[in-house]
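This chain uses plain numbering: 1 for the first residue, then up along the sequence.
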Amino acid sequence: VQLQASGGGLVQAGDSRRLSCTASGLPFSSLSMAWFRQAPGKEREFVAAISWSAAKTYYEDSVKGRFTISRDNAKNTVYLQMNTLKFEDTAVYYCAGKGGGPNFMTAGYVYWGQGTQVTVSS
C-alpha cells in the first residue's frame with residue numbers, strides 16, 4: 001500500500017510546477033484524493049481535493065485560480081498543477097486518499113504519501 005508523490009523542487013516565483021502522486025496497492029479509482037501541505041513551523045493544511053470520479057473539486061482559498069487538481073484513474077495518479085507560484089506556497093506537499101467524499105481535514109484521510117518539497121524563491 002503506497003502513495004508516491006513526486007514533482008517537487010526549487011522554482012522561482014511566478015513559475016509553474018506539476019506534482020504527481022501514484023498509488024499502488026490501493027483501490028485508487030474509488031478513493032477521494034487530496035493534496036495537503038506543511039510549511040516549516042506550521043500545521044499541515046488542506047490545498048485541494050477531488051472526488052473519485054473527478055466530478056467535484058475543492059480548493060483552499062489562497063490557491064483558487066492558480067492550482068488545479070486532476071486525476072487519471074487508469075494510471076492510478078492524481079496531479080496538482082501549480083501556476084503562478086508564490087513564496088508562501090513553499091512547503092512539503094502530501095497527497096492523501098480516503099473512501100467516501102472528499103473533505104478538508106487531515107484526520108479524514110487514511111492513506112498518505114511521503115511528501116515532496118516545493119521551494120519557491122522570491
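Taken from CD in Gln38 to CD in Glu45, the straight-line distance is 9.5 Å, to the nearest 0.5 Å. The SG atom of Cys95 sits 11.5 Å away from the CZ atom of Arg71 when rounded to the nearest 0.5 Å. The structure places CG of Asp89 at 4.0 Å from CZ of Arg66, a figure rounded to the nearest 0.5 Å. Annotation: the span from Cys21 atom SG to Asn76 atom CG amounts to 10.0 Å, rounded to 0.5 Å. With rounding to the nearest 0.5 angstrom, the CG atom of Leu26 is 7.5 Å from the CE atom of Met33. Taken to the nearest 0.5 Å, the OG atom of Ser121 stands 10.0 Å off from the CG atom of Leu85.
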Going through the checks in order, is the side chain to side chain contact (heavy atoms under 4.5 Å, CB included) test met by Arg37 and Leu19? CA-CA 12 Å; Arg37 66 186 179 186; Leu19 305 182; over 6 Å; no
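Val110 and Val47 fall within a single hydrophobic cluster, where Ile, Leu, Val, Met, Phe, Trp and Tyr side chains are chained together by heavy-atom contacts under 4.5 Å. Placement of Tyr111 and Tyr79 in two distinct hydrophobic clusters is found when ILVMFWY residues are connected by side-chain heavy-atom separations under 4.5 Å, directly or transitively.
Its side chain within the 4.5 Å cluster rule, Phe46 clusters with Phe36, Tyr58, Val92, Tyr94, Phe104, Tyr109, Trp112 among the Ile, Leu, Val, Met, Phe, Trp and Tyr residues.
Closest approach of Ile69 and Ala34 over heavy atoms only: CD1-CA, 4.3 Å. Across every non-hydrogen atom of Ala5 and Gln114, the tightest pair is O-NE2, 2.9 Å. Of all the heavy atoms in Ser20 and Thr77, the pair that sits closest is CB-CG2, 4.2 Å. Across all their heavy atoms, Trp35 and Leu80 have their closest contact at NE1-CB, 3.5 Å.
Of the possible donor and acceptor atoms, none in the side chain of Ser51 sits under 3.5 Å from a partner among the backbone N and O of Gly101. Thr22 places no side-chain N or O within donor-acceptor distance of the main-chain N or O of Gln4, the cut-off being under 3.5 Å. At distances below 3.5 Å, at least one donor-acceptor pair connects side-chain atoms of Asn73 with backbone N or O atoms of Trp52. The main-chain N or O of Gly8 is found under 3.5 Å from a side-chain atom of Arg17 such that the two form a donor-acceptor pair.
In this model, a donor atom of one side chain and an acceptor atom of the other lie less than 3.5 Å apart for Gln117 and Thr119. A side-chain donor-acceptor contact under 3.5 Å links Asn83 and Ser16.
Here Lys64 pairs with Asp61 in a salt bridge; the nearest charged N to carboxylate O distance falls below 4.0 Å.
Glu60 is not listed as a side-chain neighbour of Phe67, based on a closest heavy-atom distance of 4.5 Å or more.
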